[in-house]
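So the structure is just underneath, and the comments pick up after that.
Numbered from 1 within each chain, the chains take letters A, B, ... in sequence-line order.
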2 protein chains.
Amino acid sequence: MVHRPVPFDELDRKIVAALIANARTSFAEIGADIGLSATAVKRRVDRLRESGIITGFTATVRPAALGWRTEAYVEVYCEGAAPPRRLAEVVRNHPEITAAMTVTGGADALLHVRATDVEHFEEVLERIRTEPFIRKTISYMVLSHLLPDSPEAGAARPAAEGAADLR
Amino acid sequence: MVHRPVPFDELDRKIVAALIANARTSFAEIGADIGLSATAVKRRVDRLRESGIITGFTATVRPAALGWRTEAYVEVYCEGAAPPRRLAEVVRNHPEITAAMTVTGGADALLHVRATDVEHFEEVLERIRTEPFIRKTISYMVLSHLLPDSPEAGAARPAAEGAADLR
DNA sequence: AATGAAAATGGTCGAAC
DNA sequence: GTTCGACCATTTTCATT
């Protein structure tokens with residue numbers, strides 16, 4: 001997964017900024033803003049995607065509007081050495097885990113978990129704690145967002161869409 | 001900021017799913033998949049945006065490809081009572097803070113911070129700790145992602161784009 | 001209320017330079 | 001990098017149910 005460095009200039013920077021601000025902006029409009037033809041913008045976007053700088057285009061949603069009203073960070077402590085490969089498998093078993101990473105400090109991993117409500121969150125936590133080599137967890141429930149427009153506040157991964165049914 | 005409940009059916013769910021998977025999918029293509037005309041899909045997307053269910057469309061990028069190679073979660077402890085309003089102001093002073101929330105547990109807030117490297121991260125941390133009523137911070141550096149496709153792994157807020165210059 | 005069909009405008013994308 | 005042309009998508013208007 002090593003990406004070779006790829007030329008990236010001021011025009012690319014502006015294109016990426018425009019697409020982060022609105023992924024549906026037309027290449028023609030971006031081109032007009034930065035002084036390039038639509039075709040040139042398209043070729044640069046194609047290159048930015050192929051080189052792995054742009055990884056995709058997604059809609060951002062308010063999870064609460066789809067029934068995901070509860071959110072927490074969970075520190076995970078494992079028995080003995082916890083190989084990240086094995087941890088990643090565990091994480092993929094639980095669609096409510098929307099982000100997971102290994103971190104410095106006492107915990108082996110930090111999980112971001114979304115649930116429909118506190119009861120659902122408790123159920124998820126019990127499911128995670130039943131996994132073979134998880135020793136303990138410490139949860140921090142999110143109370144309110146201080147940057148309401150951050151990606152973490154609004155994004156939902158596709159695996160979590162089922163909750164739309166539950167509202 | 002209270003959103004009235006709005007009708008949301010199975011077709012809306014599929015439209016949202018399609019746009020989360022690819023924000024640039026055409027209305028005609030979504031319509032063909034779910035049995036609706038492009039016009040009907042457009043009208044539903046317009047309504048989903050107006051009702052605040054869809055908050056926007058964004059490009060996802062690999063921050064590392066743009067020079068943001070360091071990432072951490074930072075617990076913040078304040079002097080005395082920390083009104084979230086005041087905390088939010090502090091957070092907005094530091095563009096490297098990409099997400100921030102109040103949480104249960106000992107800390108008053110949890111921050112997600114992106115920096116170009118460890119030196120930059122140290123500088124950000126010192127800047128945050130100089131803020132009037134911050135008492136202490138505890139940092140957890142992110143080592144590796146266990147769900148590489150999660151929004152937290154790939155998204156960057158526009159305020160952080162400057163780093164593209166630094167690579 | 002929500003849909004589809006039609007028409008005008010505007011965008012995409014390959015080919016050629 | 002650009003222009004051109006064919007095709008496709010978006011958006012408004014209007015008629016239908």
Going by an N to O cut-off under 4.0 Å, is there a salt bridge joining B:D108 and B:R135? no
Sorted by number, residues from residues 24-37 of chain A placing a heavy atom under 4.0 Å from DNA chain D are A:R24, A:L36, A:S37
I'd like to know if A:E89 and A:R86 make a salt bridge, using a cut-off of under 4.0 Å between side-chain N and carboxylate O. yes
Between CZ of B:R44 and P of C:dG4 the distance, given in whole Å, is 9 Å
Between CZ of B:R49 and P of D:dT10 the distance, given in whole Å, is 13 Å
In DNA chain C, stems of three or more consecutive pairs, Watson-Crick or G-U, each with both distances under 3.5 Å, turn out to be C:2-17 with D:1-16
A:F57 atom CZ is separated from C:dT12 atom P, nearest whole Å, by 11 Å
When every non-hydrogen atom of A:V91 is compared with those of B:L146, the smallest separation belongs to CG2-CD1, 4.3 Å
Contact check, side chains of B:I15 and B:F27, non-hydrogen atoms, under 4.5 Å: no
Q. Considering only heavy atoms and no angle criterion, is a donor-acceptor pair shorter than 3.5 Å present between the side chain of B:R43 and the base of C:dG4?
A. yes
Close N or O pairs between protein and nucleotides 6-9 of chain C (under 3.5 Å):
none

Interatomic distance, CD@B:E131 vs CG@B:L87, rounded to 0.5 Å, equals 10.0 Å
B:D12 CG to C:dA2 P, in whole Å, measures 10 Å
Check: Is B:R114 paired with B:E71 through a side-chain N to carboxylate O contact shorter than 4.0 Å?
Finding: yes
Here the distance between atom C1' of C:dG10 and atom NZ of B:K42, to the nearest Å, is 14 Å
When rounded to whole Å, the CD1 to C1' distance for the pair B:I15 and C:dT3 reads 13 Å
B:R47 atom CZ is separated from C:dA1 atom P, nearest whole Å, by 13 Å
Nearest heavy-atom contact between B:N93 and B:P95 is O-CD, 3.6 Å
Can we say A:R129 and A:E126 salt-bridge, meaning some charged N sits less than 4.0 Å from an Asp/Glu carboxylate O?
no
task: Run the salt-bridge test on B:E10 and B:R13 with the 4.0 Å N-O cut-off and return the result as yes or no.
output: yes
Practice item. Salt-bridge test for A:R127 and A:E123: reply yes if a basic N is under 4.0 Å from a carboxylate O, no otherwise. Key: yes
**Asked** If you measure only the distance, is there a donor-acceptor pair under 3.5 Å linking the side chains of A:Y73 and A:E75?
**Response** no
